[in-house]
Amino acid sequence: MIQVLNAPKNVVAFRALGEVTANDYKTIIAPAVKNLVEQIDEINFLFLIDTDLENFTATAWLEDAFIGLKNFGKWNRAAIVTNSEKAISFTNAFGYVVPGNFRGFKKEFYDQALHWVQGGTG
């Protein structure tokens, strides 16, 4: 399940809980990302992963990739907040091969991640 989190107007922010499916991406994340692009022509994205990565269905991962590819040139900043070292390392490395800035943060640094993704330094 995906929850929408309160965030500044230039950011879309979500929290993953329990099982995450392709439908969650299609009905919650994709429309919010589309709306943000229509408003500011870029994507500032925060994703708090509060579930095990194994709880993402295979089709959820495919839908995630589709959203990324569909908006390939629009990514500005993306913060992935999780306690998974693998996910943080992947996110940090991912930023070297795609447009935009991608950073992984530990959950205890959620506030720092939100500040950074909205355009702050740090």
Side-chain angles (χ1 to χ4, degrees):
M1 136 203 274
I2 298 290
Q3 294 178 331
V4 176
L5 299 175
N6 289 330
K9 291 181 183 179
N10 70 326
V11 174
V12 289
F14 308 96
R15 179 181 187 196
L17 294 165
E19 184 182 54
V20 179
T21 67
N23 192 54
D24 293 322
Y25 277 87
K26 289 178 185 177
T27 62
I28 298 168
I29 294 177
V33 167
K34 180 181 179 203
N35 186 45
L36 186 64
V37 168
E38 289 172 354
Q39 289 179 26
I40 66 171
D41 201 35
E42 67 181 17
I43 302 167
N44 298 304
F45 183 93
L46 183 137
F47 197 42
L48 171 60
I49 301 174
D50 233 355
T51 188
D52 292 333
L53 294 176
E54 293 80 20
N55 287 334
F56 285 74
T57 65
T59 55
W61 288 118
L62 289 173
E63 200 61 36
D64 179 63
F66 177 71
I67 290 171
L69 291 172
K70 182 178 178 185
N71 298 287
F72 192 71
K74 300 293 183 184
W75 291 94
N76 183 42
R77 289 187 174 193
I80 306 302
V81 182
T82 178
N83 283 339
S84 167
E85 290 294 338
K86 288 181 182 180
I88 290 171
S89 294
F90 177 81
T91 300
N92 292 338
F94 191 68
Y96 290 108
V97 296
V98 296
N101 297 298
F102 290 75
R103 286 183 61 186
F105 293 85
K106 289 277 198 173
K107 287 182 190 178
E108 64 205 57
F109 298 110
Y110 176 86
D111 291 337
Q112 180 184 352
L114 183 59
H115 176 74
W116 176 81
V117 83
Q118 70 178 332
T121 59

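The first residue of the sequence shown is numbered 1, and numbering continues consecutively from there. In this text the structure is predicted, and so the values were computed from the model without any measurement.
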field: ring-ring contact (aromatic ring centres under 6.0 Å, His included) against Phe109, all qualifying residues, sequence neighbours excluded
entry: none
Just to verify, what does [X] make a side chain to side chain contact (heavy atoms under 4.5 Å, CB included) with, not counting sequence neighbours?
| X | value |
| --- | --- |
| Pro8 | Asn10, Val11, Leu114, Gln118 |
| Ala16 | Ile2, Val20, Phe47, Thr51, Phe56 |
| Ala78 | Phe45, Trp75, Phe102 |
| Ala93 | none |

message: Who clusters with Met1? Use side-chain heavy atoms, under 4.5 angstrom, across I, L, V, M, F, W and Y, and order the result by chain and number.
response: Leu17
With sequence neighbours excluded, tell me which residues meet salt bridge (Lys or Arg N to Asp or Glu O under 4.0 Å) with [X].
| X | result |
| --- | --- |
| Asp41 | Lys74 |
| Glu38 | Lys34 |
| Glu54 | none |

Which pairs count as salt bridge (Lys or Arg N to Asp or Glu O under 4.0 Å) when at least one residue sits in [range], sequence neighbours excluded?
| range | result |
| --- | --- |
| residues 1-14 | none |
| residues 83-101 | Glu85-Lys106 |
| residues 14-27 | Arg15-Asp50 |

Quick one: pull up [atom1] in [X] and [atom2] in [Y] and give me the separation to the nearest 0.5 Å.
| X | Y | atom1 | atom2 | result |
| --- | --- | --- | --- | --- |
| Ile40 | Asn35 | CD1 | CG | 10.0 Å |
| Asn83 | Ile88 | CG | CD1 | 6.5 Å |
| Ile43 | Leu36 | CD1 | CG | 7.0 Å |

Contact summary for [X] and [Y], nearest pair of heavy atoms:
| X | Y | answer |
| --- | --- | --- |
| Leu53 | Ala87 | CD1-CB, 4.0 Å |
| Leu48 | Lys107 | CD1-CG, 4.1 Å |
| Ala22 | Thr57 | N-OG1, 3.9 Å |

message: Could you check whether any side-chain N or O of Asn92 sits under 3.5 Å from a backbone N or O of Gly104, counting only pairs where one atom can act as donor and the other as acceptor?
response: yes
- request: From the options Tyr110, Trp116, Phe14, select the one residue that forms a side chain to side chain contact (heavy atoms under 4.5 Å, CB included) with Leu46.
  value: Tyr110
task: Quick one: do Val37 and Glu42 satisfy side-chain contact (heavy atoms from CB on, under 4.5 Å)? Show the steps, please.
output: CA-CA 5 Å; Val37 168; Glu42 67 181 17; over 6 Å; no
